[in-house]
Amino acid sequence: MKELYDMIFKRKSFRRFNDTLTLSEEELQDINQEIKNLNPLVDDIEVKYKIVPREKTTSKRGEYCLLIYSEEKEHYLLNIGYMFEQLDLYLASKNIGVCWYGMGKVSEPEYNNLKYVIMLALGKGEDSQFRKDYKKSKRKETSDIWKGDLSLEIADFVKYAPSACNTQPWRVVCENNTLKIYRTTDVKSIMPKEKVPFYNSIDMGIFLYFLELTLSHNEFSFQKTLSPENDGSNLISIATYTLKAKKNRP
Ligand SMILES: Cc1cc2nc3c(=O)[nH]c(=O)nc-3n(C[C@H](O)[C@H](O)[C@H](O)COP(=O)(O)O)c2cc1C
């Protein structure tokens, strides 16, 4: 857990892969093993994946692309973001570069009756290619995304979660040890408008994982309730976290 938390500050979207580096058979096996260990956000949603050479997709980046397929149940996009962000962070710890790649297209839109959702471009990197100073990565001011209690030492870190076109659709209201997590629909982006809810829902799953990792790192335990899916207007409720006293403390 601690190691993954540290990766919040090291990871970045890899856009320039060094083509002279390749993933070993062992590393590919390790990736497959790690995917088996990912924690889902929602238990009963079937998810499958395939790792294919980049050339089998429209991606121009990475040695391989990991294609993710899912059953389309309630919260399935949150679930994909939540699960595969764990892999993004884990691979940073192994110097394997990743880029969530919403623009990529695949030749197989279905796999075992599950629908294609998104891909991650992957390739071996060097330690020096990863993020050195997370504070230099472009993110909103904390006050733009987090209202209420700022004393938890969480807000300034969770905001470094990756999101499609860096839209950062998360908004948080923190009061009386309760975190209310919303997705704003008021985003400006070059994404086609009709695609925004799809990609921003994956982003929200990524954000929930960052939030939980940061809460655990700060020894908070919590109870989480996902909100029913709804189209809502400006702010769509995603989840509520009720924080308990810090672990091991009265
Ligand atoms: C769901 C999702 C889809 C993304 N799609 C693309 C993409 O198609 N092309 C791309 O270059 N980056 C893509 N990204 C990467 C974002 O642009 C990136 O996360 C954001 O700019 C923040 O930068 P960072 O990840 O380096 O911290 C995507 C990220 C997410 C979470």
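Fair warning: this is a prediction, and the values are worked out from it, not measured in the lab. All ligand and atom numbering here is 1-based and tracks the order in the structure.
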If we ignore hydrogens and angles and just use 3.5 Å, is the side chain of Thr214 paired with the main-chain N or O of Ile154 as donor and acceptor? no
Under the ring-ring contact (aromatic ring centres under 6.0 Å, His included) rule, collect the residues that match up with Tyr111, sequence neighbours excluded. Tyr69
Holding to side chain to side chain donor-acceptor pair (under 3.5 Å), I want the full list of residues that pass it with Ser107, two or more places apart in sequence or in another chain. none
Would you say the ring centroid of Phe14 lies under 6.0 angstrom from that of Phe17? yes
Let me know which protein residues bring a heavy atom to under 4.0 Å of ligand 1; chain then number is fine for ordering. Arg11, Lys12, Ser13, Arg15, Arg61, Cys99, Trp100, Tyr101, Gly102, Met103, Ile118, Arg131, Arg139, Pro162, Ser163, Ala164, Cys165, Asn166, Ile202, Asp203, Ile206
Would you say Asn177's side chain and Leu243's backbone share a donor-acceptor pair under 3.5 angstrom? no
Partners passing salt bridge (charged side-chain N to carboxylate O under 4.0 Å, His left out) against Glu108 (at least two apart in sequence or in another chain): Lys50
